[in-house]
Amino acid sequence: MIDIQVLRDNPELIKEKSAQKQVTVDTESLLKLDQGKRELQQHVDSLRERKNEISAQMKTLTAEGKPDTALIDQGKMLKVELAEREDLLKKVEEELSAALRLVPNPALDSVPLGTTEADNVVLRTVGEKPQFDFDPKPHWDIANERGFMDKERAAKISGSRFVYLKGGLVKLQFALMQFVIDTLGDESVLQRLIDDNKLAIPAKPFTPVIPPAMMRTEPYIASARLNAEEQTYKLDRDDLWMNASAEHTLCTMYWNEILPAEELPIRYIGYSTSFRREAGTYGKDTEGIIRLHQFDKLEMEVFSTAKTGEDEHKLLIAIQEYLMQQLGLSYNFVQKSTADIGKPNASGNDIDCWFPGQDRYIETHTADYVTDYQARDLNTRTKVDGKTEFVHTNDATAFALSRILAAITENYQTSDGLVRVPEVLQNYMGGVKTI
RNA sequence: GGAGAGGUGUCCGAGUGGUUUAAGGAAAUAGUCUUGAAAACUAUCGAGCCCGCAAGGGUUCCGAGGGUUCGAAUCCCUCCCUCUCCGCCA
């Protein structure tokens with residue numbers, strides 16, 4: 001949620017910044033709603049003040065043994081009026097916060113303007129595309145031949161976009177997970193990345209977390225990540241949603257809490273199975289394991305002060321690129337435009353990995369800098385020099401495991417239909433060099 | 001799922017209808033004392049919202065939401081969570 005104070009001080013800015021994201025914000029009616037709410041609140045406060053006065057008088061009179069029936073009648077009338085005004089205030093408050101939630105987080109000035117995904121900017125291309133002396137296959141051909149995936153039976157049991165993942169790819173996934181957890185727990189690696197990027201933040205390691213995979217409606221809405229119509233599964237009997245990313249149950253972790261400043265930054269590497277309905281994507285990426293209803297993901301989440309939020313964002317990006325380079329995968333590093341960063345994010349980057357078997361780049365990573373937009377609604381705060389302020393949140397993919405498995409399969413395939421294991425993962429695979 | 005006990009501020013904890021303006025203690029911060037520290041003493045010490053240039057004032061919050069009452073942390077209802085026992089279960 002945006003800061004209402006910014007809207008009051010500079011409605012034109014909000015209007016303009018929202019337009020950059022193709023969102024039309026009626027600031028006039030928002031401000032009118034806000035004004036009405038404040039007047040109503042003053043009225044309610046003064047009625048409550050009167051209520052407290054009557055109550056205090058009544059107490060004295062009762063103690064003296066001479067209750068005043070006129071005063072009681074006054075209290076009764078006041079009660080009716082107060083109830084009416086309080087109901088109205090509640091309605092107006094709900095209306096205002098619902099309207100405020102529709103206002104997107106203003107993009108940082110460094111974010112390029114755009115109207116479609118096509119306006120994203122490739123900032124750099126890193127790594128060499130592998131060369132083959134044969135026609136590289138898409139990962140599903142290799143995986144099917146090697147018995148690494150079974151989508152037919154998964155469709156029979158669970159429907160489309162599910163998979164039984166088997167054998168070598170499963171072992172590779174566990175190796176990837178170990179590799180990531182070890183890397184993000186290694187302060188010397190973090191320190192090097194911090195120095196290389198000239199960041200003013202500590203090399204505090206990431207704590208691995210397995211968060212809940214379901215969450216209640218209230219925190220999910222506050223997280224600004226609930227995509228109820230298209231993406232998120234709901235368990236109606238229990239008021240629970242299946243999380244669509246570990247990030248969703250991680251960013252909500254300190255809902256309604258004040259974090260001691262000395263505990264910041266808090267860095268987590270979360271592992272969770274992620275569930276997505278993928279409504280509206282019928283016919284897209286139907287083959288292989290690029291787009292599934294269920295996939296496992298390692299996601300980084302950082303809580304920091306406002307001061308270091310942007311540096312944390314840069315660190316997460318540096319980690320993403322380091323991980324990709326360690327795997328020897330070629331990628332485009334993309335600065336997303338205002339059209340594509342998403343409503344809650346102030347800035348965002350993607351990594352699009354090269355998939356030689358499909359002769360195209362596919363998005364495998366995202367890094368989002370959310371500033372205080374999530375924290376305001378989640379009410380996650382910290383104290384800086386005695387002042388309470390909202391924390392800044394950052395989230396970024398470490399590895400979306402199924403997509404990286406697919407990428408490794410395509411990039412590391414051999415002419416005899418095997419898949420070589422990237423060097424950094426071999427130790428986690430008991431020294432095995434191919435699967 | 002059944003039976004019972006609970007949920008109060010950073011923490012512990014008192015409070016069963018009206019000076020609760022949430023006691024008391026601990027922790028924390030500052031000061032006094034001290035060569036320094038500890039101890040002791042003194043002071044400060046929750047979070048919102050609204051009005052105000054400010055000083056300050058008003059108001060809300062005792063798990064959440066309703067209700068009763070002139071007045072609710074306190075009484076009633078629903079829900080959530082925690083603990084104990086039973087049942088089921090990886």
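Here is how names work: the chains are called A, B, and so on, in the same order as the sequence lines, proteins then strands, and each is numbered from 1.
Rounded to an integer number of Å, the gap from Glu49(A) CD to U60(B) P is 10 Å. Rounded to whole Å, atom P of U59(B) lies 17 Å from atom CD of Glu93(A). Following rounding to the nearest Å, Ile258(A) (CD1) and C61(B) (C1') show an atom-to-atom distance of 13 Å. The CG-C1' distance, from Asn256(A) to C61(B), rounds to 12 Å in whole Å. Regarding Arg216(A), its CZ atom lies at a distance of 14 Å from the P atom of G65(B), rounded to whole Å. Rounded to whole Å, the distance from CG on Leu61(A) to C1' on U19(B) is 15 Å. What separates CD of Gln35(A) from C1' of C50(B) is a distance of 11 Å, to the nearest Å. One atom, CZ of Arg38(A), and another, P of U60(B), lie 20 Å apart when rounded to the nearest Å.
Comparing G1(B) with U16(B), their C1' atoms sit 32 Å apart, to the nearest whole Å. Taking the C1' atom of each, U59(B) and C45(B) are spaced 22 Å apart, rounded to whole Å. Here, G9(B) and G63(B) have their P atoms 8 Å apart, quoted to the whole Å. A72(B) and C62(B): their P atoms are spaced 12 Å apart (whole Å). Distance check on atom C1': G7(B) versus A73(B) gives 12 Å, rounded to whole Å. Between A22(B) and U29(B), the two P atoms lie 26 Å apart (nearest whole Å). Here, U19(B) and C83(B) have their C1' atoms 37 Å apart, quoted to the whole Å. Nucleotides A64(B) and C70(B), compared at atom P, are 25 Å apart to the nearest Å.
A side-chain donor from one of Arg50(A) and Gln74(A) sits under 3.5 Å from a side-chain acceptor of the other. In the model, His392(A) has no side-chain atom that pairs as donor or acceptor with a side-chain atom of Asp372(A) under 3.5 Å. If you check the side chains of Ser29(A) and Asp26(A), you find a donor sitting under 3.5 Å from an acceptor. Using a 3.5 Å distance cut-off with no hydrogens or angles, the side chains of Asn243(A) and Ser274(A) do not pair a donor with an acceptor.
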Step by step, would you call Thr232(A) with Asn227(A) a side-chain hydrogen bond (donor to acceptor under 3.5 Å, both in side chains)? CA-CA 6 Å; Thr232(A) 322; Asn227(A) 183 345; 5.6 Å; no
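Pairing each heavy atom of Leu33(A) with each of Leu96(A), the nearest pair is CD2-CA, 3.6 Å. Between His293(A) and Arg276(A), the shortest heavy-atom distance links the atoms ND1-O, 2.7 Å.
Within the 4.0 Å cut-off from OP1 or OP2 of A47(B), not a single side-chain nitrogen or oxygen of Asn379(A) is found. Between Arg381(A) and A47(B) there is no side-chain polar atom (N or O) within less than 4.0 angstrom of OP1 or OP2. Applying the 4.0 Å criterion to OP1 and OP2 of U60(B), one finds that Asn52(A) has a side-chain N or O inside that range. Between C50(B) and Arg8(A), a contact under 4.0 Å exists linking OP1 or OP2 to a side-chain N or O.
For Lys90(A), taking side-chain heavy atoms from C-beta onward, the closest of the listed nucleotides C50(B), G66(B), G48(B) is G66(B). Distance from the side chain of Lys37(A) is smallest to C49(B) among U60(B), C51(B), C49(B).
Salt-bridge formation is detected for the pair Glu312(A)/Arg267(A): a Lys NZ or Arg NE/NH1/NH2 atom is positioned less than 4.0 Å from an Asp or Glu carboxylate oxygen. Between Arg291(A) and Glu278(A) there is a salt bridge, since a side-chain N of the basic residue sits under 4.0 Å from a carboxylate O of the acidic one.
Where pairing requires Watson-Crick or G-U contacts shorter than 3.5 Å, the helical stems of RNA chain B with at least three consecutive pairs are B:1-7 with B:80-86, B:10-12 with B:24-26, B:28-32 with B:40-44, B:46-51 with B:56-61, B:63-67 with B:75-79.
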Summarise how protein sits on nucleotides 67-72 of chain B as a single string, 5' to 3': B when a protein heavy atom is under 4.0 Å from the base, S for sugar-phosphate-only contact, - for no contact. --BBSS
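Applying the 6.0 Å contact sphere to CD of Glu423(A) captures no more than 12 heavy atoms from other residues, nucleotides or ligands.
The residue from Thr380(A), Thr371(A), Ile266(A), Thr305(A) that alone fulfils the side-chain contact (heavy atoms from CB on, under 4.5 Å) condition with Val391(A) is Thr380(A).
Closest-nucleotide positions on RNA chain B for Ile4(A) and Val44(A) were compared, and the one nearer the 5' end corresponds to Ile4(A).
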